[in-house]
Amino acid sequence: GQQLNQSPQSMFIQEGEDVSMNCTSSSIFNTWLWYKQDPGEGPVLLIALYKAGELTSNGRLTAQFGITRKDSFLNISASIPSDVGIYFCAPAYNQGGKLIFGQGTELSVKP
Amino acid sequence: NAGVMQNPRHLVRRRGQEARLRCSPMKGHSHVYWYRQLPEEGLKFMVYLQKENIIDESGMPKERFSAEFPKEGPSILRIQQVVRGDSAAYFCASSPPVQGGLETQYFGPGTRLLVL
């Protein structure tokens, strides 16, 4: 079966620092989504990527869909305390298909 | 515009009882997905439904679990004869019909099931 690896598993950073996390897979995907989950809540969509090589920004967040279609990264610039949470990559094979979730990156930001 | 709604938010059941989890998709969304999340893990796909049809149930256990999305009313995930291993957070997501691109999935707040 396909393998999806998300790293790092956790990060402890100082407020104002930049953050980078990534997901790699043994399979080719057609779409990469990035979600954030706060404790006790459902995942909230941050960025959606639909084309290989695509680079998309949403405020302080930037994500890229790898050219091989097997990986993606998410960067957060100038982190703030409300960035705390668990970030998941969630690629999909098909339009309208199920999402495959990574293991998550838990981000802690020290004020 | 209300988001995806799930109820109950918390559900406690004893072993052997039935659990019914409800999901009302966002307005205009006709596709519903159910995912399960165990502690310290990512979400795992269970089932994908459109109105009155199950499209993909490859992630759903063959026994005790069933899902429906009737023409009227919410989608229901039903777990019969619950066991302790069913304790998890169950999330519903909805998306609009495909219009030439990927339908983005929007998640509800989840139902936390605890089996005693």
Side-chain angles (χ1 to χ4, degrees), chain A residues 1-10 21-25 27 29-52 54 56 58 63 65 69 72 74 85-106, chain B residues 3-10 21 23-26 29-50 53-60 67 88-112 114:
Chain A
Q2 63 84 24
Q3 286 186 316
L4 182 62
N5 295 307
Q6 183 172 350
S7 65
Q9 190 173 0
S10 61
M21 59 193 78
N22 69 85
C23 282
T24 60
S25 172
S27 300
F29 290 104
N30 294 322
T31 301
W32 284 87
L33 306 178
W34 284 91
Y35 287 87
K36 181 192 177 199
Q37 185 177 28
D38 291 327
E41 299 296 329
V44 174
L45 181 68
L46 299 175
I47 290 182
L49 302 159
Y50 302 121
K51 295 181 183 178
E54 180 181 358
T56 296
N58 178 10
F65 190 154
R69 294 200 284 153
S72 177
L74 175 70
I86 303 178
Y87 292 79
F88 291 99
C89 64
Y93 293 108
N94 305 314
Q95 294 178 5
K98 63 188 179 188
L99 299 176
I100 313 293
F101 276 79
Q103 303 94 327
T105 294
E106 185 171 7
Chain B
V4 177
M5 300 176 68
Q6 290 187 249
N7 69 82
R9 291 292 302 271
H10 299 274
L21 288 62
C23 169
S24 295
M26 288 177 69
H29 287 194
S30 56
H31 298 197
V32 165
Y33 307 78
W34 286 93
Y35 293 81
R36 176 165 61 179
Q37 185 178 33
L38 296 173
E40 311 294 326
E41 294 187 8
L43 283 72
K44 297 287 194 294
F45 169 79
M46 298 182 74
V47 62
Y48 165 32
L49 309 105
Q50 295 177 21
N53 285 307
I54 296 176
I55 307 302
D56 180 356
E57 56 181 348
S58 59
M60 195 123 86
Y90 292 83
F91 291 95
C92 168
S94 74
S95 65
V98 176
Q99 293 179 354
L102 178 79
E103 333 148 335
T104 301
Q105 295 181 26
Y106 297 89
F107 283 81
T111 294
R112 273 109 189 123
L114 175 62

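All values below come from the heavy atoms of this structure, side chains included, with hydrogens, waters and symmetry mates left out. Lettering of chains follows the sequences in order, A, B, ..., and the numbering in each one begins at 1.
For A/Asn5, the side-chain hydrogen bond (donor to acceptor under 3.5 Å, both in side chains) criterion is met by no residue, not counting sequence neighbours. Among residues two or more places apart in sequence or in another chain, the side-chain contact (heavy atoms from CB on, under 4.5 Å) test is passed with A/Ser10 by A/Phe12, A/Glu106.
Heavy atoms of A/Glu41 lying under 4.5 Å from chain B belong to its backbone as well as its side chain. Proximity to chain A (any heavy atom under 4.5 Å) is restricted, for B/Gln37, to the side chain, taken from C-beta onward.
Nearest heavy atom pair, residue A/Phe88 against residue B/Glu41, reads CZ-O, 4.1 Å. Closest approach of B/Arg112 and A/Gly40 over heavy atoms only: NH2-C, 3.1 Å.
The side-chain heavy atoms of B/Tyr33 and A/Leu99, taken from C-beta on, include no pair separated by under 4.5 Å.
Atom-to-atom distance recorded for B/Thr104:OG1 and A/Tyr50:OH is 3.0 Å, nearest 0.5 angstrom. B/Tyr35 contributes atom OH, which lies 5.5 Å from atom CZ of A/Phe101 (distance to the nearest 0.5 angstrom).
Taking a 6.0 Å sphere around OH of B/Tyr106, one finds it holds 12 or fewer heavy atoms contributed by other residues, nucleotides or ligands.
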